[in-house]
Amino acid sequence: MIKVKNLHKYFGELYVLKGIDLEVKQGDVIAIIGPSGSGKSTMLHCINRLEEPSDGHIYIDNEDIMAPDCDINAIRQKVGMVFQHFNLFPHKTVLENITLAPSLVKKVSKDEAEKTAYELLEKVGLSDKALSYPNKLSGGQKQRIAIARALAMKPEVILFDEPTSALDPEMIKEVLDVMKELAKEGMTMLIVTHEMGFAKNVANRLIFMDNGKVVEDTEPNEFFNSPKSERAKEFLDKVLNK
Amino acid sequence: MDSYLSVLYNTFMKDERYMLIVNGLMFTLSVTILAAVIGIILGVVLSLMTISDFRPFKHTKSKKLAFLRDFNPLNKLALFYVTVIRGTPTVVQLLILFNLVFTGILEAPVFVVAVIGFGLNSAAYVAEIIRAGIQGLDKGQMEAARALGMSYGQSMRVIIIPQAVKKIMPALVSEFIVLFKETSVVGMIGGNDLTKAAKEIAANSFRAAEPWLLAALIYLLLTTLFTYFMRKVEKRLKESD
């Protein structure tokens, strides 16, 4: 479904991604972990070309998204994204946040878009917030709305960029629960996260990145019980013994 | 006291001199408003040029032309314009426009020259205000819009511009007030504005204090009025936040 081949990314002189290879199958729930600065977020941003890759190839449903004639806006309809800082549109109500892209980009009728939006709000448990503005919501609520907004485009895969990192500890669970539900329904998900428990219990694959490279690509249990690389052992030592 | 009233009468009413003030004020206001319209339209264009990601040589493979990869001609052009306008005095710009461009090359009445001159001038400042407003928005807004499949144009139109407008409204009103006051130099090219009217009344009536003070008072009243409206608008914008 997604194929990343030999992906490189420079920010000026800074060499951030040093040849990433990755294949994502439908239904995969992949947790991407690693120290900060290891390139996890950058890789995620390259997959829908929010960051322009410097070199390499990325295929989504066998379409080369770096080809000059690729319609990236059409690709992005299939690839949802959820951000660390939610990035809800503050001048739009919750309902408008969710219906905006479907009506504008997919030309879905207003009624249809609103019907879907209410179903999604029901799903994330925030039906009563439809007409509120984002600044009236807590962090956890905002992130659940952001997930609903991504789902409204009926994507094939959703990229989560540290979805719980900006949340108060008490609100992490409500967001993770929604994500767990999605995983159960078979949604393909790539999740950059620091939630080791979630990575262990929900993901079916775990990718450990360090210094711009994929160091391990394995089963979560195997990774936590018997990491192969020294770097991963060191990392686990630090995060689990804190 | 009676004698002072008669002085005032002589100064402003004799020979219908007050009409100079009325006509001058009309001149000042029309130049300001029309120039502001030009300033806004051209300012928007300039600011969009500045923030555009138009790099025609982005994909060049040639090593020799590598330095052109980040070259953005629209951005450079807008930057040049803003630098020139902000780096030279308004009066000098007006004089150049009046004595060089609109003499010999084109012919136009002073009013038209003034509108164009102040419009071109204001555009540079408006462009900077809008650019700062847009670039001051959270980068995540554009990312979120693009990630949902919206085009650059759609994202700008529906997400970025409406938020930026709210942010820059106060600064735009300030710019309007500055423009309004700045039109007082239009006498240099023969425009009969409010300041020029005061000057003429002073010359004809041999009274210096009253005409100038009256002009100052009128400027002050109007700028206060604009500021008052700005505060109102600002308050309303804050409420919907």
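Lettering of chains follows the sequences in order, A, B, ..., and the numbering in each one begins at 1.
- Ile158(A) pairs with exactly one of Leu151(A), Ile191(A), Leu190(A), Thr188(A) by the side-chain contact (heavy atoms from CB on, under 4.5 Å) rule, that one being Leu151(A).
- Taking the side chain as every heavy atom from C-beta outward, Lys181(B) and Ile177(B) approach each other to under 4.5 Å.
- Residue Lys92(A) touches chain B through its side chain alone, counting heavy-atom pairs closer than 4.5 Å.
- For a residue to count as touching a neighbouring chain, one of its non-hydrogen atoms must lie under 4.5 Å from one of that chain's; by this rule Val82(A) does not touch chain B.
- Judged by distance alone, the side chain of Asp193(B) and the main-chain N or O of Phe27(B) form no donor-acceptor pair under 3.5 Å.
- Within residues 25-49 of chain A, the residues approaching chain B closer than 4.5 Å by heavy atoms are, in numerical order, His45(A), Asn48(A).
- The CG atom of Asn97(A) sits 11.5 Å away from atom OG of Ser132(A), with the distance rounded to the nearest 0.5 Å.
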*Step by step, work out the salt bridge (charged side-chain N to carboxylate O under 4.0 Å, His left out) result for Lys123(A) and Glu185(A).*
CA-CA 12 Å; Lys123(A) 185 180 186 137; Glu185(A) 289 167 13; 2.7 Å; yes
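- With sequence neighbours excluded, the residues that form a side-chain hydrogen bond (donor to acceptor under 3.5 Å, both in side chains) with Lys18(A) are Asn211(A).
- Residues of residues 112-124 of chain B never come closer than 4.5 Å to chain A when only heavy atoms are counted.
- The shortest distance between side-chain heavy atoms of Val173(B) and Val233(B) does not fall below 4.5 Å.
- When side chains are defined from C-beta on, Val110(B) counts as touching Phe98(B), because their heavy atoms get closer than 4.5 Å.
- Contact record, Lys180(A) with Phe198(A): N-CE1, 4.3 Å, taken as the closest heavy-atom pair.
- Of residues 131-146 of chain B, those residues lying under 4.5 Å from chain A by any heavy-atom pair are Asp138(B), Gly140(B), Gln141(B), Glu143(B), Ala144(B), Ala145(B), Arg146(B).
- For the residue pair Thr195(B) / Tyr219(B), a side-chain donor-acceptor distance below 3.5 Å is found, with atom types taken as modelled.
- A cation-pi contact, defined as under 6.0 Å to the ring centre and within 45° of the axis, is absent between Lys76(B) and Phe80(B).
- Side-chain atoms of Gln93(B) come within 3.5 Å of backbone N or O of Thr88(B) as a donor-acceptor pair.
- Contact detail for Arg149(A) and Leu88(A): the closest heavy-atom pair is NH1-CA, 3.5 Å.
- When heavy atoms are compared at a cutoff of 4.5 Å, Phe83(A) approaches chain B solely by way of its side chain, counted from C-beta outward.
- When all heavy atoms of Ala117(A) and Thr99(A) are compared, the closest pair comes out as CB-CG2, 3.8 Å.
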